[in-house]
Amino acid sequence: MSAREAEGTADVLAAHEPTETTTEPGPVRTAEYVRAWRTDPYTDALRSGRGPLFLRRDDGRLLPLEIERWCAAADRADATVLARCEGPVLDVGCGPGRLVQALAAAGRPVLGIDVCQEAVDRTVTGGGTALCRSVFDPLPSEGRWGTVLLMDGNIGIGGDPGTLLERAAALVRPGGQALVEAAGPDVDERIEVRVVDGRGARGADFPWARVGTRALPAYADATGWTVERRWRAAGRSFLQLRRRR
């Protein structure tokens with residue numbers, strides 16, 4: 001580990017108090033969004049490590065959530081993302097923490113954030129470091145992260161990809177990067193969803209977005225990012241975005 005990364009590690013592990021930020025919360029930082037991910041269907045699924053679990057769209061269609069994969073160890077596709085991480089890593093919406101744990105086990109500086117306390121607890125129990133916080137809250141080491149991770153559909157957080165990518169640009173250092181998992185090529189939608197388990201339990205409505213590989217570059221370009229690399233692994237699609245200096 002370089003001296004710069006070692007310094008970053010100290011920041012991540014010690015800076016549990018948030019720094020001041022000038023980011024406006026905007027419509028994406030809503031009580032509905034935070035409450036939705038703290039409701040029983042999601043929390044119960046994390047505790048058991050099993051589904052079924054879905055996002056139910058406002059048109060009635062169900063989007064499966066891969067809770068078993070999230071609660072397992074990092075897989076081959078995840079490894080292609082982890083290998084591209086640079087400097088201190090911030091995993092936004094870390095869930096039960098498989099990526100945070102994998103990076104920590106490799107001695108990499110990493111912090112996970114999630115609005116669900118159960119997710120944070122699982123991350124910490126598995127050997128990672130995590131805070132129960134929204135990406136739109138004040139966060140440690142703002143403007144100094146080397147990499148921001150937006151995996152498992154988390155480009156949808158808040159229902160506004162442009163606002164989320166602007167926030168990510170404010171979190172990384174000049175020349176830093178975001179590693180983003182995208183949806184299918186032609187997907188670009190903003191929807192209202194709720195977490196359901198298929199057995200009658202459901203959470204509150206909240207805004208979400210789904211962005212595919214064709215639409216994501218336009219959002220990136222408009223918010224100060226350049227697409228540096230695209231790749232696929234195990235049927236999943238990823239983009240490496242570089243913050244323009």
Side-chain angles (χ1 to χ4, degrees), residues 1-26 28-29 78-94 97 99-114 123 128-152 154-155 157-158 160-182 211 216-231 238-245:
M1 183 185 301
S2 70
R4 185 173 184 177
E5 287 180 325
E7 181 181 354
T9 303
D11 287 344
V12 167
L13 296 179
H16 279 207
E17 290 303 315
T19 57
E20 292 299 320
T21 179
T22 58
T23 301
E24 292 295 328
V28 293
R29 187 183 173 198
D78 295 329
T80 69
V81 175
L82 300 177
R84 290 176 167 86
C85 289
E86 303 169 357
V89 179
L90 180 68
D91 187 358
V92 174
C94 66
L99 302 181
V100 175
Q101 293 160 10
L103 287 167
R108 302 293 302 275
V110 57
L111 174 70
I113 59 169
D114 202 286
T123 301
T129 302
L131 297 174
C132 190
R133 203 161 294 167
S134 164
V135 65
F136 299 105
D137 288 335
L139 295 172
S141 300
E142 294 201 10
R144 290 187 287 164
W145 296 98
T147 301
V148 166
L149 295 179
L150 290 168
M151 294 292 106
D152 303 324
N154 285 337
I155 186 64
I157 288 174
D160 187 337
T163 298
L164 180 59
L165 287 173
E166 284 179 355
R167 177 63 174 141
L171 291 170
V172 299
R173 62 198 182 198
Q177 64 170 350
L179 300 176
V180 184
E181 184 168 353
V211 185
L216 187 55
Y219 287 110
D221 183 65
T223 54
W225 298 94
T226 299
V227 177
E228 194 164 90
R229 186 175 289 110
R230 310 171 192 231
W231 75 99
F238 306 95
L239 282 81
Q240 182 177 27
L241 310 180
R242 184 70 59 184
R243 179 188 164 189
R244 294 196 288 268
R245 296 177 183 272

Any heavy-atom pair between the side chains of Leu165 and Ile155 that's under 4.5 Å? yes
Provide the closest heavy-atom pair for Cys94 versus Val100 in the form atom of the first, atom of the second, distance. CB-CG2, 4.0 Å
Carefully, step by step, assess Val172 and Thr147 under the rule side-chain contact (heavy atoms from CB on, under 4.5 Å). CA-CA 7 Å; Val172 299; Thr147 301; over 6 Å; no
Do you know which two heavy atoms are closest between Pro138 and Arg167, and how far apart they sit? CA-NH2, 4.3 Å
Could you tell me whether the side chain of Leu239 reaches within less than 4.5 Å of the side chain of Pro217, counting heavy atoms only? yes
With sequence neighbours excluded, residues passing ring-ring contact (aromatic ring centres under 6.0 Å, His included) with Phe238: Trp231
Partners passing salt bridge (Lys or Arg N to Asp or Glu O under 4.0 Å) against Glu166 (at least two apart in sequence or in another chain): none
side-chain contact (heavy atoms from CB on, under 4.5 Å) partners of Asp78, counting only residues at least two apart: Arg69, Ala74, Asp75, Arg98, Leu99, Arg236
Donor-acceptor under 3.5 Å (Ser134 side chain, Phe136 main chain): yes
Residues passing the side chain to side chain donor-acceptor pair (under 3.5 Å) test with Thr123, sequence neighbours excluded, are none
Kindly indicate whether the side chain of Leu149, heavy atoms from C-beta on, has any atom under 4.5 Å from the side chain of Val81. yes
Nearest non-hydrogen partners of Val211 and Pro161, listed with the distance: CG2-CG, 3.4 Å
Between Met151 and Leu179, does the side-chain contact (heavy atoms from CB on, under 4.5 Å) criterion hold? Intermediate values first, please. CA-CA 8 Å; Met151 294 292 106; Leu179 300 176; 4.2 Å; yes
Mind checking side-chain contact (heavy atoms from CB on, under 4.5 Å) for Ala169 and listing every partner two or more places apart, or none if nothing turns up? Trp225
Are any non-hydrogen side-chain atoms of Leu139 and Leu171 less than 4.5 angstrom apart? yes
Arg108 side-chain N/O to Cys85 backbone N/O, donor-acceptor pair under 3.5 Å: yes
Between the side chains of Gln240 and Gln177, does any donor sit under 3.5 Å from an acceptor? yes
Sorted by chain and residue number, the side chain to side chain donor-acceptor pair (under 3.5 Å) partners of Gln101 (sequence neighbours excluded) come out as none
At their closest point, which heavy atom of Ala182 faces which heavy atom of Leu216, and how far apart are they? CB-CD2, 4.3 Å
Indicate the atoms forming the closest heavy-atom contact of Pro174 with Gly143, along with that distance. CD-O, 4.4 Å
Partner residues of Arg230 under the salt bridge (Lys or Arg N to Asp or Glu O under 4.0 Å) criterion, sequence neighbours left out: none
Charged N-O contact under 4.0 Å between Arg242 and Glu86: yes
I'd like to know if Asp221 pairs up with Arg244 as an ion pair, taking the criterion as any Lys NZ or Arg NE/NH1/NH2 lying under 4.0 Å from an Asp or Glu carboxylate oxygen. yes
Polar side-chain atom of Trp145 near backbone of Pro140 as donor-acceptor pair, under 3.5 Å: yes
One pair to check against side-chain contact (heavy atoms from CB on, under 4.5 Å): Val92 and Val148. What are the steps and the verdict? CA-CA 7 Å; Val92 174; Val148 166; 3.8 Å; yes
Heavy-atom closest contact (Ile113 atom, Arg133 atom, distance): CB-O, 3.8 Å
Would you say the side chain of Val135 lies within less than 4.5 Å of the side chain of Leu90, judging by non-hydrogen atoms? no
Asn154 side chain vs Ile157 backbone, donor-acceptor pair below 3.5 Å: no
Output for pair (Leu131 CG, Asp137 CG), nearest 0.5 Å, gives 10.0 Å
Does Arg243 have any side chain to side chain donor-acceptor pair (under 3.5 Å) partners at least two apart in sequence or in another chain, and if so, which? none
